[in-house]
Asker: 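Just dropping this structure here.
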2 protein chains.
Amino acid sequence: MMRVLVIEDDSALRKIVSTILEEEGYEVDQSIDGKEGLFMSQSGMYDLLIIDLMLPGLDGISLIKELHVKGMNVPTLILTAKDSVADKVKGLDVGADDYLVKPFATEEFLARVRSVLRRAGKIGLEGKIFYGEIVLDTNSMQCSIGKNSLKLTKKEYELLYYLIQNQEKILMRDQIYDRIWGIESDAGESIVDVYIHYLRKKLAPFGYGDSIRTIRGVGYMLTEE
Amino acid sequence: MMRVLVIEDDSALRKIVSTILEEEGYEVDQSIDGKEGLFMSQSGMYDLLIIDLMLPGLDGISLIKELHVKGMNVPTLILTAKDSVADKVKGLDVGADDYLVKPFATEEFLARVRSVLRRAGKIGLEGKIFYGEIVLDTNSMQCSIGKNSLKLTKKEYELLYYLIQNQEKILMRDQIYDRIWGIESDAGESIVDVYIHYLRKKLAPFGYGDSIRTIRGVGYMLTEE
DNA sequence: TATCTTTCTAAGAGAATTTTAAGATTGCCT
DNA sequence: AGGCAATCTTAAAATTCTCTTAGAAAGATA
């Protein structure tokens, strides 16, 4: 069980982040301000900290510094609205493991989380999900089918990942769109169709061309084999 | 027992929504304004909130924000007349789980409610309803009869779903029409006859051709086998 | 900078679904 | 039985949704 602490004062964002993580199977605790966050972090019970840079009480950078002074070495993912290089550098300098600018798409966020945890050695190399002979390796973001490896672009990979995670369940088009492209994206939802098509085309030679079923007027779903 | 709180100032809409939900087996409470709604929500007794964006006292967005500040984490479905992307973004940003633009057909509304509850883990994955050997799976929107799977269009599925849920009860034609096509639809009510016919035709090969009884001058009903 | 890859746009083809419409049939009432 | 109204049944029209491309734009790589 992977424990995550989310330190974020914006309640909406905190809830979103927490929910996403919980749905993914992480155990999540939340903190609203920097001082409380620092205190909780020191318990040493967390595998990952997700920290906003702008915090009341104690800002994110100082929090991380403080932790290091105390010899704690927890993997950290910085979350912030700022896109400036300066901030990014500052964050990474101080020892954060990765950096994500909001708003972000869910899939992107989860990928970063996994990546940080992996680099920190918190998750082993199991990180794989399956559908028939298809294997997605979440560590290398690679896809293989039987002995063959299948080259997928990032978006294709994310889409397939989401589908496999929800096989046998209908995913509505807007659900997919929000998750992979993000609410803020301005590609229309029809981009989903296009990528479904790309995927089908790449999967077809292996006999999985018809695995993604269209539910007209609703969305798509990865069917039982 | 699933408890829902409907916060909506338009009394007509509030009643309609509440009735629909009650008929579906939800336990429903109502609130007319934002402040009262917030107060009631805080009791923590609800599994789902349905909130209008435009409210007297305290608007929907602020209400949701307020709830989050207090650490409440209730699944939320936003209901509104506005269709703008901006609103959608605002709503979902603030942590609402889904968004429905009025006017809407009942079936669409209920589908969203189920979907939100499911995603929030409030209802399991069982979501199946039965009539004889006929099984409707609400997760995959699939219909099967014994070992066979029966392909239904969306409207056919919705109609059969409604019938099965109300087996042994007479459904008036306009009731069916309102539920599946929505009041705003301008196909005439006779479209119901046509779809009843489609259903009978598809069910006939399995011996369910006469299961939908016509009650002349009133409507239809799915009879005891 | 040049080149290659990935992502997005846009639009027409194609399919499936939904709706219309009209004649045939059935049930009900006098 | 005869007549009226409701329902059934079809087939075709209309509409909506998805597929499929090809190329433009954006981004990454060398």
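Below, chain A is the first sequence line, B the second, and so on; all start at residue 1. What you are looking at is a predicted structure, and each value in this text was computed from that prediction instead of being measured.
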Asker: Grab the NZ-P distance between A:K154 and D:dA26 for me, whole Å please.
Answerer: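 Computing the A:K154:NZ to D:dA26:P distance gives 17 Å.
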Asker: Relative to the ring of B:Y195, is the ring of B:Y198 parallel (under 30°), tilted (30 to 60°) or perpendicular (over 60°)?
Answerer: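 B:Y198 and B:Y195: perpendicular rings.
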Asker: Kindly point out which of C:dT19, D:dA22, D:dT7 is positioned nearest to the side chain of B:Y220?
Answerer: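 Between C:dT19, D:dA22, D:dT7, the one nearest the side chain of B:Y220 would be D:dT7.
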Asker: I need the CG-P distance between B:D193 and D:dA11, as an integer number of Å.
Answerer: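 So the CG-P distance, B:D193 to D:dA11, works out to 18 Å.
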Asker: I'd like to know if B:R173 pairs up with B:D193 as an ion pair, taking the criterion as any Lys NZ or Arg NE/NH1/NH2 lying under 4.0 Å from an Asp or Glu carboxylate oxygen.
Answerer: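 Result for this pair is yes, salt bridge flagged.
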Asker: Measure the distance from NZ on A:K151 to C1' on D:dA28 and round it to the nearest whole Å.
Answerer: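 Interatomic distance, NZ of A:K151 to C1' of D:dA28: 12 Å.
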Asker: So, is B:W181 near the phosphate of C:dT18, with a side-chain N or O under 4.0 Å from OP1 or OP2?
Answerer: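 No, no such contact exists.
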Asker: For a quick test of reading the model: is some side-chain N or O of A:R216 closer than 4.0 Å to OP1 or OP2 of C:dT18?
Answerer: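 No, no such contact exists.
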Asker: Taking CD1 from A:I191 and C1' from D:dA22, how many angstroms apart are they, rounded to a whole number?
Answerer: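 Roughly 14 Å, once rounded to whole Å.
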Asker: Base, sugar-phosphate, or nothing for B:Y157, non-hydrogen atoms under 4.0 angstrom?
Answerer: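 Since no nucleic acid heavy atom lies under 4.0 Å of B:Y157, the category is nothing.
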Asker: Do A:Y195 and D:dC19 share a donor-acceptor pair, side chain to base, under 3.5 Å?
Answerer: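 No pair found.
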Asker: How many whole angstroms separate atom NZ of B:K155 from atom C1' of D:dA14?
Answerer: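 Computing the B:K155:NZ to D:dA14:C1' distance gives 15 Å.
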Asker: Starting at atom CG of A:L199, determine the distance to atom P of C:dT6, rounded to an integer number of angstrom.
Answerer: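 Result: 13 Å.
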Asker: Check this one for me: any side-chain N or O of A:R173 less than 4.0 Å away from OP1 or OP2 of D:dC17?
Answerer: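 Answer is no, no contact under 4.0 Å.
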Asker: Could you tell me whether B:E24 and B:R179 have a side-chain N and a carboxylate O separated by less than 4.0 Å?
Answerer: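 Yes, charged N to carboxylate O under 4.0 Å.
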Asker: Measure CG/B:D210 against P/D:dC8 and give the value in whole Å, please.
Answerer: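 Whole-Å distance recorded here is 12 Å.
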Asker: Rounded off to whole Å, could you give me the CG-to-P distance for the B:L159 and C:dT19 pair?
Answerer: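 One finds 12 Å between P of C:dT19 and CG of B:L159, rounded.
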Asker: Side-chain N or O of B:T153 less than 4.0 angstrom from OP1 or OP2 on C:dA16?
Answerer: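 Checking C:dA16 against B:T153, no side-chain N or O comes under 4.0 Å of OP1 or OP2.
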Asker: Should B:H197 be listed as having a side-chain N or O under 4.0 Å from OP1 or OP2 of D:dT9?
Answerer: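 For B:H197, the contact criterion (side-chain N or O under 4.0 Å from OP1 or OP2 of D:dT9) is met.
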Asker: Can you measure from OG (B:S211) to CG (B:L222) and round to the nearest 0.5 angstrom?
Answerer: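 Between B:S211 OG and B:L222 CG, I get 6.0 Å after rounding to 0.5 Å.
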Asker: Check the phosphate of D:dT10 against B:K201, side-chain N and O only, distance under 4.0 Å to OP1 or OP2. Yes or no?
Answerer: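 B:K201 to D:dT10 OP1/OP2: side-chain N or O found under 4.0 Å.
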Asker: When you check the phosphate oxygens OP1 and OP2 of D:dC17, does a side-chain N or O of A:T214 lie under 4.0 Å from one of them?
Answerer: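 False: A:T214 side-chain N/O out of range (4.0 Å or more) of D:dC17 OP1/OP2.
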Asker: Taking A:D47 first and then A:R3, would you say they form a salt bridge - that is, a charged N and a carboxylate O separated by under 4.0 Å?
Answerer: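 No salt bridge links A:D47 with A:R3.
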Asker: When you measure from the side-chain N and O atoms of A:R200 to the phosphate of D:dT20, is any distance below 4.0 Å, counting only OP1 and OP2?
Answerer: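 Indeed not, no polar side-chain atom of A:R200 lies that close.
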